[in-house]
Protein chains: 2
Amino acid sequence: MEQSAHILVVDDHRDIRELLSKYLSKNGFRVSDADGGVKMRQMLKTAAIDLIVLDVMMPGEDGLTLCRYVRENENIPVILLTALGEETDRIIGLEIGADDYLTKPFNPRELLARIKSVLRRSQSMPREAEKPNEPEVLTFDDWTLYVHQRELVSPDGVTVPLSAADYRLLVTFLKRPTMVLSRDQLLDLTSGRTAQIFDRSIDNQVSRLRKKIEEDPKNPRMIKTVRGGGYVFTAKVTGKVEDATFDDVDEENDI
Amino acid sequence: MEQSAHILVVDDHRDIRELLSKYLSKNGFRVSDADGGVKMRQMLKTAAIDLIVLDVMMPGEDGLTLCRYVRENENIPVILLTALGEETDRIIGLEIGADDYLTKPFNPRELLARIKSVLRRSQSMPREAEKPNEPEVLTFDDWTLYVHQRELVSPDGVTVPLSAADYRLLVTFLKRPTMVLSRDQLLDLTSGRTAQIFDRSIDNQVSRLRKKIEEDPKNPRMIKTVRGGGYVFTAKVTGKVEDATFDDVDEENDI
DNA sequence: CTCAGATTGATACAAACGGTTACAATTTCC
DNA sequence: GGAAATTGTAACCGTTTGTATCAATCTGAG
């Protein structure tokens, strides 16, 4: 069932970004890059990233800071690139939660091996190990989506059955309201796939979802089409983080 | 009756992990690995591990700490790998509850022998000697499962008979609510088996369990299907240990 | 304003996937 | 030892979802 993994390379040097992108693409991965924290966060929001390759030495927010950020806000494995071969860096990196690290200069083949190894590991785990701090209930217009229960309740209080694809698409939209998402982005975010030429599956999926949640699917009010751009979810979305059930107690603070 | 045992190798050095994994696989075991405590805990949560091979010297949480954790929270035999040939380590290790230990460098064949010996020993004991600190009563929706008694009571107060497979599957779900579990994972967690191609036994088991606990088995509310992914248990689960409320297994602070 | 090309929506269809039933093999329990 | 229950396998069928196709709509050039 596996699609090629989507890797995000974060480094402030363009030459390194391009080198790595080229090399990894050639080896069958889908690759995006970012020149710093801002771009990285943006990418995380608009693409389904499977693994991040992150340079430690960067102006502005450094790699360790970003690594910690990823650890706290996403559930994506990180491989750190460090210029110093120092043990301290390694230890800090692993403590902060990097999944592996590599000291520069390194052989691209080595990086490739590490990436494959980390992916193998992370895929043997439940892919949806829940991002930390995710809301469990999302409301929009007068609709309510119970995220964990995968249950959508209409303004009338009726539960509307959602297929797996409906659900994924809806969640994708709800997490990014007012953001115009291209078909490519939507495909990546919902299924982790890359669009074929003439790929219309997203159009179709949108059409199906509209039939379920739009009052008048011919004149959609929530999922608007942006001609030449993609789709936007325009309704106001509010999220609630409910009481934690025992499964997400990652706390070790006293209560 | 035995399926091959599932062994978890915990070591911070990749080369050692890979070496051991390869060697043990070649000798008929199913093997997973972890590079530290975090990954180890994740693996314990998502796979049915029969034995842990644990390196003592590791950055972050060291092997002895992890060994104690396993002893307190799981019922899985541990073999410690120690770099020092010191008597103290051995004593500490055995005091902490390791089932055996090996000093590095060691011959893989030696490890193999110890593993087989420990497994033989642990299997001659009651296999399900219950994890320490496990809740005895689990409630979900308005259902109650008395874990030790293997008794499930419906919202109406009626006791619903569960077969062994029903029980194992239900407990598997109750311990991992909101977590999407693949058929492979479910098969491993419930029966310790590896899926054959076209293995539909889990589908069937889920279907049978749904008939017993879902109000409308055709529109399941608790055990949801994730197309292409597996199944999720979506109801909120609370657990009780005797009379204290149940905190999940992530704690390592004294209470 | 009109028309051609491009873009999007809707429908039809096929392949893949999952639910269910029946049945056989196995175990459990009198 | 035999009946009943359990559990894996196979088969059938409904649903889901991607692709193809055609109609509707939009855009911009003339």
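As the structure is a computational prediction, the values presented were derived from the model and not from experiment. Chain naming here is simple, since letters A, B, ... match the order of the sequence lines and numbering starts at 1 in each.
- First and last contacts of DNA chain C with chain B, using any nucleotide atom under 4.0 Å from a protein heavy atom and ordered 5' to 3', fall at C:dA16 to C:dA22.
- Between B:L169 atom CG and D:dG8 atom P there is a gap of 11 Å when expressed in whole angstrom units.
- Overall bending of the helix from C:dC1-D:dG30 to C:dC30-D:dG1, expressed as the angle between end axes built from five pairs apiece, is 30° (10° steps).
- Not one N or O on the side chain of B:R227 forms a donor-acceptor pair closer than 3.5 Å with the backbone of A:S163.
- With sequence neighbours excluded, no residue forms a salt bridge (Lys or Arg N to Asp or Glu O under 4.0 Å) with B:R210.
- Going from atom CG of B:L170 over to atom P of D:dT6 covers 15 Å, rounded to whole Å.
- Summarising the local packing, CD of B:Q149 is surrounded by more than 12 heavy atoms from other residues, nucleotides or ligands at distances under 6.0 Å.
- Nearest approach of B:I49 to B:M43, heavy atoms of both residues: CG1-O, 4.4 Å.
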Please table the atom pairs, donor to acceptor, closer than 3.5 Å between any side-chain atom in residues 230-238 of chain A and protein atoms at least two apart or in another chain.
{"unit_1": "A:Y231", "atom_1": "OH", "unit_2": "A:R183", "atom_2": "NH2", "d": "3.3"}
{"unit_1": "A:Y231", "atom_1": "OH", "unit_2": "A:D203", "atom_2": "OD2", "d": "3.4"}
{"unit_1": "A:T234", "atom_1": "OG1", "unit_2": "A:R221", "atom_2": "O", "d": "2.8"}
{"unit_1": "A:T234", "atom_1": "OG1", "unit_2": "A:M222", "atom_2": "O", "d": "3.1"}
{"unit_1": "A:T238", "atom_1": "OG1", "unit_2": "A:T139", "atom_2": "OG1", "d": "2.4"}

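- Residue A:V206 is the one, among B:D203 and A:V206, whose nearest nucleotide of DNA chain C lies closer to the 5' end (criterion: closest heavy atom).
- Residue pairs satisfying the salt bridge (charged side-chain N to carboxylate O under 4.0 Å, His left out) criterion with at least one member in residues 154-169 of chain A, sequence neighbours excluded, are listed as follows: A:D166-A:K212.
- Residues B:I213 and B:D141 form no side-chain contact, since every pair of their non-hydrogen atoms from C-beta on lies 4.5 Å or further apart.
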Inset, instruction - Mark up nucleotides 11-23 of chain D, 5' to 3', with B wherever a protein heavy atom is under 4.0 angstrom from a base atom, S wherever such an atom reaches only the sugar-phosphate, and - elsewhere. - result: B---BBBBBBB--
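- We find the CG-CG distance between B:N204 and B:D199 to be 10.5 Å, quoted to the nearest 0.5 Å.
- With values rounded to the nearest 0.5 angstrom, A:T159 atom OG1 is found 9.5 Å from B:N219 atom CG.
- Paired with A:I7 under the rule side-chain contact (heavy atoms from CB on, under 4.5 Å), one option of A:I115, A:I52, A:D50 passes, and it is A:I115.
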